[in-house]
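In each ligand, atom 1 is the first atom listed, and ligand 1 is the first ligand listed.
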Amino acid sequence: MPYFTSARKTGRIAVLTILAGLACATPAAAAGGVASNPTSCTVDNVLSTPFTPWGDTADYALAPGGDFESGAAGWTLSGAAAVADGNETFAVGSGGTHSLALPAGSSAVSAPMCVDASYPFFRVFARNTGNAKAAMKVDVLFLDAKNKVQSSASGTITAGGTWQPTSQLKIGVAFAGEGAAPIAFRFTPQGKDGAWSIDDVYVDPFARR
Ligand SMILES: [Ca+2]
């Protein structure tokens with residue numbers, strides 16, 4: 001069962017359940033509710049332009065541990081999901097030597113990332129390592145006002161067997177005013193023989209300059 005934990009100001013721990021996904025995204029409706037920020041997190045991300053080779057010159061922030069070069073710290077891996085040898089083949093950012101393998105029946109939830117409403121999209125690199133017809137589901141997880149985990153479907157990804165960047169995946173989460181909140185990304189191969197690899201999870205602060 002994938003989940004992420006979020007330390008609350010009270011010192012209690014809120015356990016969050018989440019999902020995940022990858023390349024041609026099918027938009028999906030978002031769950032209702034506004035993301036809460038029990039940890040009073042603040043947005044402080046280093047920006048880069050990893051998708052320039054694909055005509056996307058926007059700034060992006062790497063999700064925590066999103067390049068899998070230091071294990072998968074803070075990520076929640078279920079089933080046989082595991083960091084594996086081999087980077088996405090474009091070596092964006094500082095490159096690397098590892099990615100995340102998501103065999104059939106597995107799932108991964110990213111470490112929490114503090115964002116606000118200026119972050120509408122995210123992109124990852126993905127390849128289909130299983131049934132060519134099997135998709136991967138991607139969701140964004142957040143905490144509602146009662147600190148219960150809610151999910152917003154970002155889409156269902158299909159891709160071939162070589163590494164490719166996904167299209168922009170929607171962060172369908174509402175934020176309170178100018179407020180920030182922790183979110184997480186969940187990647188879940190679909191079907192009994194759906195298997196995927198992902199690498200370099202980047203989030204787009206669209207409104208920031
Ligand atoms: Ca990597």
Any chain of hydrophobic side-chain contacts (each under 4.5 Å) joining L62 to V92?
yes
Has E69 got a side-chain atom pairing as donor or acceptor with H98's backbone, closer than 3.5 angstrom?
yes
If hydrophobic clusters are built by linking Ile, Leu, Val, Met, Phe, Trp and Tyr wherever their side-chain heavy atoms come under 4.5 Å apart, do F121 and V140 end up in the same one?
no
So, are R123 and D56 salt-bridged, with charged N and O less than 4.0 Å apart?
yes
Over all atoms of both residues, closest heavy-atom pair of S36 and N147:
OG-OD1, 3.5 Å
What class does the angle between the rings of Y202 and F51 fall in, given that below 30° is parallel, 30 to 60° is tilted and above 60° is perpendicular?
perpendicular
The Ca ion (ligand 1): which protein N, O or S atoms are under 3.0 Å away?
D67 O, E69 OE2, N87 OD1, H98 O, D199 OD1, D199 OD2
